K.L.:
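This structure is in structure tokens; I'll ask about it shortly.
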Amino acid sequence: MTVNDILDILDATAIAGKSGLDNEVLTACGSDMMSDVLAFAKTQCVLLTGLCNPQVIRTAEMMDIVAIIFVRGKTPDETMIKMADEMGLPIVVTSHRMFSSCGLLYEHGLRGGIIDG
Amino acid sequence: MADLMELNYTVSNEDFTRAGEASSDVKKKLKQLGVSPDAIRKVAIALYEGEINMIIHAYGGKIKVTISENAITLVLADKGPGIADVEKAMQAGYSTAPDKVRSLGFGAGMGLPNMKKNSDQMDIQTEIGVGTTVTMVINI
């Protein structure tokens with residue numbers, strides 16, 4: 001699955017980092033708690049979150065997150081968009097709630113990665 | 001062993017939105033040096049967690065990153081309140097962070113355990129009212 005596929009699946013709009021829309025996505029992580037993202041996210045992972053602040057972009061940068069999906073229509077501000085554009089990190093926004101967004105991606109074959117305790 | 005590079009940063013606690021700038025810069029430099037992606041990921045996570053901790057708990061501090069041929073050493077020193085119970089602080093889920101920090105997406109009590117998980121060696125020197133120095137070594 002690519003970030004572009006996710007745009008279709010979630011009726012989402014890309015608002016930053018459009019250079020990375022062809023990035024391949026292998027796993028997904030859904031959380032509003034960045035502490036947990038830093039502890040649990042896997043490689044080539046998309047991050048689904050309803051938290052909307054610059055630390056979400058930083059966390060994604062540190063974890064090599066493939067794309068950020070803001071759920072519940074959360075829209076990042078200009079600072080965040082600029083940060084993501086500089087990193088080539090795609091940001092997509094969907095109106096779907098967290099549960100539905102995760103469910104739709106799961107239905108299309110995306111998984112959460114292996115649990116390693 | 002000769003050190004190849006030393007990087008120094010001052011972490012300010014005035015603006016939480018800037019948290020992670022040091023980690024971001026270190027990550028870019030390690031990439032330029034051709035350090036393996038696995039080691040870079042470990043350094044990035046450990047350092048970012050440490051940087052966030054300094055801002056949440058210790059009014060900022062200083063970071064020194066030393067890159068040698070075999071390892072990257074991260075020293076995070078602050079003049080904060082110190083850690084009352086290091087053993088407890090190392091437990092996953094234990095947090096003394098205020099609710100305000102939780103609303104920003106941090107303070108789940110995963111910071112120190114995650115720093116330990118991502119480093120090959122970790123040492124914490126802390127004194128109440130004086131400050132805390134965390135040293136982490138990541139082999140490359």
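Just so it is clear: chains get the letters A, B, ... in the order the sequence lines come, proteins before strands, and each one is counted from 1. As the structure is a computational prediction, the values presented were derived from the model and not from experiment.
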K.L.:
Considering non-hydrogen atoms only, spot the tightest contact between A:Ala39 and B:Met110 and give its length.
P.N.:
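Distance-wise, the nearest heavy atoms are CB-CE, 3.8 Å.
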K.L.:
May I ask you to decide whether B:Lys27 forms a salt bridge with A:Asp64, counting only side-chain N to carboxylate O separations under 4.0 Å?
P.N.:
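Judged by the 4.0 Å cut-off on N to carboxylate O distance, B:Lys27 and A:Asp64 do form a salt bridge.
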K.L.:
Heavy atoms only, distances under 4.5 angstrom: which of A:Ile57, A:Thr79, A:Thr59 has the most pairs with chain B? Name it, please.
P.N.:
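Most heavy-atom pairs under 4.5 Å with chain B: A:Thr59.
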K.L.:
Hydrophobic cluster membership, with links at side-chain heavy-atom distances under 4.5 Å among I/L/V/M/F/W/Y: are B:Ile52 and B:Val65 in one?
P.N.:
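Both belong to a single hydrophobic cluster.
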K.L.:
Between B:Arg41 and A:Met63, which heavy-atom pair has the shortest distance, and what is it?
P.N.:
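Shortest heavy-atom contact: NH1-O, 3.0 Å.
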K.L.:
Would one find more than 12 heavy atoms of other residues, nucleotides or ligands at under 6.0 Å from atom CZ of A:Arg111?
P.N.:
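Atom CZ in A:Arg111 is crowded, with more than 12 foreign heavy atoms closer than 6.0 Å.
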K.L.:
Are A:Leu21 and A:Leu47 connected in the hydrophobic side-chain network, where two residues link if heavy atoms are under 4.5 Å apart?
P.N.:
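Hydrophobic grouping puts A:Leu21 apart from A:Leu47.
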K.L.:
Hey, could you give me the OG/CG distance between B:Ser103 and A:Asn53, rounded to the nearest 0.5 Å?
P.N.:
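Spacing of OG (B:Ser103) from CG (A:Asn53) equals 8.5 Å.
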K.L.:
When clusters are formed by joining ILVMFWY residues with side-chain heavy atoms under 4.5 Å apart, either directly or through shared neighbours, do A:Ile81 and A:Val92 land in the same one?
P.N.:
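Not linked; separate clusters.
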K.L.:
Checking heavy atoms, do the side chain of B:Leu47, its backbone, both or neither come under 4.5 Å from chain A?
P.N.:
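No part of B:Leu47 comes within 4.5 Å of chain A.
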K.L.:
Looking only at non-hydrogen atoms, find the nearest pair between B:Gly107 and A:Ser35 and report the distance.
P.N.:
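Where B:Gly107 meets A:Ser35 most closely, the heavy atoms are N-OG, 3.3 Å.
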K.L.:
Using the side-chain contact (heavy atoms from CB on, under 4.5 Å) rule, take B:Ser24 and A:Met62 through it: C-alpha gap first, then chi angles, then the decisive distance, then the call.
P.N.:
CA-CA 7 Å; B:Ser24 172; A:Met62 295 309 146; 3.9 Å; yes
K.L.:
Are more than 12 heavy atoms from other residues, nucleotides or ligands located less than 6.0 Å from atom CD of A:Glu24?
P.N.:
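Yes, the 6.0 Å shell around CD holds more than 12 heavy atoms from other groups.
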K.L.:
Within the distance-only criterion (no hydrogens, no angle test), does the side chain of A:Gln55 pair as donor or acceptor with the backbone N or O of B:Ala19 below 3.5 angstrom?
P.N.:
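Yes, the answer is positive, given that a donor and an acceptor are paired below the 3.5 Å cut-off.
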K.L.:
If you count heavy-atom pairs under 4.5 Å between each of A:Leu51, A:Thr43, A:Val37 and chain B, which one has the most?
P.N.:
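Among the listed options, the one with the most contacts to chain B is A:Leu51.
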K.L.:
With clusters defined by side-chain heavy atoms of hydrophobic residues (ILVMFWY) lying less than 4.5 Å apart, directly or transitively, does A:Ile91 cluster with A:Val71?
P.N.:
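No, it is not one cluster - the side chains of A:Val71 and A:Ile91 are not joined through contacts under 4.5 Å.
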K.L.:
For B:Glu49, is it the side chain, the backbone, both, or neither that has a heavy atom closer than 4.5 Å to a heavy atom of chain A?
P.N.:
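The side chain, not the backbone.
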K.L.:
Say whether, by atom type as modelled, one donor and one acceptor occur between the side chain of B:Asn114 and the main chain of A:Leu38 under 3.5 angstrom.
P.N.:
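Yes, B:Asn114 side chain to A:Leu38 backbone: donor-acceptor pair under 3.5 Å.
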K.L.:
I'd like to know whether CZ of A:Arg72 has more than 12 heavy-atom contacts from other residues, nucleotides or ligands below 6.0 angstrom.
P.N.:
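Enclosed: over 12 neighbouring heavy atoms sit under 6.0 Å from CZ of A:Arg72.
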K.L.:
With a 4.5 angstrom heavy-atom cut-off, which part of B:Lys42 approaches chain A: side chain, backbone, both or neither?
P.N.:
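B:Lys42 has no heavy atom closer than 4.5 Å to chain A.
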K.L.:
Would A:Ile15 and A:Met83 show up in the same hydrophobic cluster when neighbours are defined by side-chain heavy atoms closer than 4.5 Å?
P.N.:
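Same hydrophobic cluster.
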K.L.:
Answer with side chain, backbone, both or neither: which region of B:Tyr48 has an atom nearer than 4.5 Å to a non-hydrogen atom of chain A?
P.N.:
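When you check distances to chain A, only side chain atoms of B:Tyr48 fall under 4.5 Å.
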